[in-house]
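What follows is a short report on a single structure.
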Amino acid sequence: MSDPTQKTILVTGGSRGIGRAICLALAGPGTSIYFNYYPDDPMARDTEQAIVRAGGRATGTCASVTSEEDMTKFIEQAVSETGRIDVLVNNAGITRDGLLVRMKEEDWDAVMNINLKGAFLCTKVAARHMMKQRYGRIINTTSVVGVTGNAGQANYSGSKAGLIGLTKTAAKELASRGITVNAVAPGFIESDMTAAMPDKARNAMLEQVPLGRAGQPEDVAHVVAFLASEKAAYITGQVIHVSGGMYI
Ligand code: NAP
């Protein structure tokens, strides 16, 4: 069972963007929030301070989700300091866009390794602890394009589709141990990732949003906070779209 007064929460890619908003949405008295980032983020200390202002304990670590050794250390530190893991949010992700026929193998591998293999490694290590405590919440950040596909994003949409398969499989394997596994699928959310897109691509994406605007990181974070809460105890293996209706 979970102790309602103490929660240990892990968020990958938690220093900025959607990950930072998730850390802040989950932060509060009794929470210990461990987040990582890689290769470096000047926002990390600021995110730690914001978590502390919200009443939580904060530990930001520069370590890549692609390293099983580093993720084991990252997760074991949380367990040794707090004795448990209640929530894992697999949020770290990158894009390396390009048309399929021109896509470099290294761009395919980098995206798959961070977006999909990283979530697998963190889930594998965290789930072992959650299984022993017979409680856990795992939330994966996929994407609308993992369901719809998107020209120029064969690697990214492939990784996010894979994450949906991982979510559903983990949900089936871990349900009997009191662990739920769900995914959020953001559409077009304002962050450094989308700020880097050319104007033409941004506008084309926005035209596909029935609600007529880009989302904010907090729009995603609120849904993650719900899935991490006791109120979502009977939901597992689901993909919740947070996209202003981009995919209906
Ligand atoms: P972002 O602003 O680019 O932030 C990415 C975060 O991931 C940063 O904290 C970054 O660390 C971290 N990261 C990157 N590579 C890592 C690695 N190897 N190991 C650990 N951390 C790593 O991205 P975002 O827009 O917030 O996106 C967050 C998630 O939502 C991603 O999975 C993304 O695919 C997904 N998503 C976003 C959108 C959107 O519209 N923004 C839409 C759908 C899905 P550094 O700061 O050190 O680089």
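Note that the numbering runs from 1 along the sequence shown for the chain. Note that ligands are numbered from 1 as they come in the structure, with each ligand's atoms numbered from 1 the same way.
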For [atom], what's the nearest protein heavy atom and its distance?
{"atom": "atom 17 (C) of ligand 1", "result": "Tyr38 CB, 3.6 Å"}
{"atom": "atom 40 (O) of ligand 1", "result": "Ile189 N, 2.8 Å"}
{"atom": "atom 43 (C) of ligand 1", "result": "Pro186 O, 3.3 Å"}
{"atom": "atom 26 (O) of ligand 1", "result": "Ile18 N, 2.8 Å"}
{"atom": "atom 8 (C) of ligand 1", "result": "Arg16 NE, 3.7 Å"}
{"atom": "atom 28 (C) of ligand 1", "result": "Asn91 OD1, 3.3 Å"}
{"atom": "atom 12 (C) of ligand 1", "result": "Gly13 CA, 3.5 Å"}
{"atom": "atom 42 (C) of ligand 1", "result": "Gly187 O, 3.0 Å"}

Residues [X], [Y]: salt bridge by 4.0 Å N-O rule:
{"X": "Lys124", "Y": "Glu68", "result": "yes"}
{"X": "Arg16", "Y": "Asp192", "result": "yes"}
{"X": "Glu207", "Y": "Arg202", "result": "no"}
{"X": "Asp219", "Y": "Arg213", "result": "yes"}
{"X": "Lys104", "Y": "Asp109", "result": "no"}
{"X": "Lys73", "Y": "Glu76", "result": "no"}

Select the closest option to [atom] among [options], judged by heavy-atom distance.
{"atom": "atom 44 (C) of ligand 1", "options": "Thr142, Ile114, Thr141, Asn90", "value": "Thr142"}
{"atom": "atom 20 (C) of ligand 1", "options": "Ala63, Pro217, Gly146, Ser243", "value": "Ala63"}
{"atom": "atom 5 (C) of ligand 1", "options": "Ala44, Gly14, Gly17, Gly93", "value": "Gly93"}

Can you name the atoms of ligand 1, numbered from 1 with element, that are less than 4.0 Å from a heavy atom of [X]?
{"X": "Ser15", "result": "8 (C), 9 (O), 46 (O)"}
{"X": "Ile94", "result": "14 (C), 15 (N)"}
{"X": "Asp192", "result": "2 (O)"}
{"X": "Phe188", "result": "40 (O)"}
{"X": "Ser143", "result": "43 (C), 44 (C)"}
{"X": "Ser191", "result": "2 (O), 24 (P), 25 (O), 41 (N)"}

Would [X] count as a contact residue for ligand 1, given that I'm defining contact as a non-hydrogen atom of the residue lying under 4.0 Å from a ligand atom?
{"X": "Phe35", "result": "no"}
{"X": "Thr194", "result": "yes"}
{"X": "Met43", "result": "no"}

For the 3.5 Å polar cut-off, considering only N or O atoms, please tell me whether [X] and ligand 1 meet it.
{"X": "Asn36", "value": "no"}
{"X": "Ser64", "value": "yes"}
{"X": "Asp41", "value": "yes"}
{"X": "Asp40", "value": "yes"}

When hydrophobic residues are tied together by side-chain contacts of less than 4.5 Å, even through go-betweens, does [X] share a cluster with [Y]?
{"X": "Val144", "Y": "Val184", "answer": "no"}
{"X": "Val224", "Y": "Ile33", "answer": "yes"}
{"X": "Leu166", "Y": "Met112", "answer": "yes"}
{"X": "Ile240", "Y": "Val11", "answer": "yes"}

Handout entry: Spacing of CZ belonging to Arg57 relative to CD belonging to Gln6, to within rounding of 0.5 Å
Key =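 If I round to the nearest 0.5 Å, the distance is 9.5 Å.
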Handout entry: Separation of His129 NE2 from Leu10 CG (nearest 0.5 Å)
Key =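 These two atoms lie 9.5 Å from each other.
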Practice task
Check each heavy atom of Tyr156 against ligand 1 and say whether those closer than 4.0 Å belong to the side chain, the backbone, both or neither.
Solution key: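 Under 4.0 Å from ligand 1, Tyr156 contributes side-chain atoms alone.
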Problem - Check against side chain to side chain contact (heavy atoms under 4.5 Å, CB included), Gln77 and Thr59 - result: CA-CA 10 Å; Gln77 183 190 352; Thr59 308; 3.9 Å; yes
Problem - Within 6.0 angstrom of Phe188 CZ, more than 12 heavy atoms from elsewhere - result: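 Yes.
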